[in-house]
Amino acid sequence: MKDFLISYRGAALLWLAAVNVLTFWIFGLDKSKARRRARRIPERTLFTLAAVGGSAGALAGMRVSFRIGIPLILAAQLLAGAGLLYILR
């Protein structure tokens, strides 16, 4: 387990899990604020979280206005990940 966590693959998987959980939570918080008409989370923050690896979490907690941008980010991340796996094998 220790070797897995210090490997690049383990670190990447740990990062993706953490950033997706955080992104999902932040999207939910934004929805809650919208319902209460409180100050919202800026769209820039939401897109940044998706861009740094949280696109799956963003898709799970997405607002209607994100239905185009987030899937495009996810597709780019999947292609980049596949490319990295191909190069590192």
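Positions are given from 1 along the sequence.
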Legend entry - side-chain hydrogen bond (donor to acceptor under 3.5 Å, both in side chains) partners for Thr23, two or more places apart: none
Inset, instruction - Report yes or no: do Phe27 and Ile41 belong to one cluster of Ile/Leu/Val/Met/Phe/Trp/Tyr joined by side chain heavy-atom distances under 4.5 Å? - result: yes
Legend entry - Donor-acceptor pair, side chain of Gln77 and main chain of Ala56, under 3.5 angstrom: no
Inset, instruction - Give the C-alpha distance, both sets of side-chain angles, the deciding distance and a yes or no for side chain to side chain contact (heavy atoms under 4.5 Å, CB included) between Trp15 and Val52. - result: CA-CA 10 Å; Trp15 167 259; Val52 298; 4.1 Å; yes
Inset, instruction - Verify the cluster assignment for Leu46 and Trp25: are they in a single hydrophobic cluster under the rule of side-chain heavy atoms below 4.5 Å apart? - result: yes
Inset, instruction - Could I get the full list of side chain to side chain contact (heavy atoms under 4.5 Å, CB included) partners for Leu16, not counting sequence neighbours? - result: Asn20
Legend entry - Exercise: identify the closest heavy-atom pair between Arg39 and Lys33: O-CD, 3.0 Å
Inset, instruction - State whether the side chain of Ser32 and the backbone N or O of Gly28 hold a donor-acceptor pair below 3.5 Å, judged by distance alone. - result: no
Inset, instruction - Treat each ILVMFWY residue as a node, draw an edge where side-chain heavy atoms are under 4.5 Å apart, and state whether Phe47 and Val19 are in one component. - result: no
Legend entry - Cluster check Leu22, Leu29: I/L/V/M/F/W/Y, side chain < 4.5 angstrom: yes
Legend entry - Closest approach of Ile73 to Ser55 (non-hydrogen atoms, all atoms of both residues): CG2-CB, 4.3 Å
Inset, instruction - Find the distance between CZ (Arg36) and NZ (Lys31) and round it off to the nearest 0.5 Å. - result: 14.5 Å
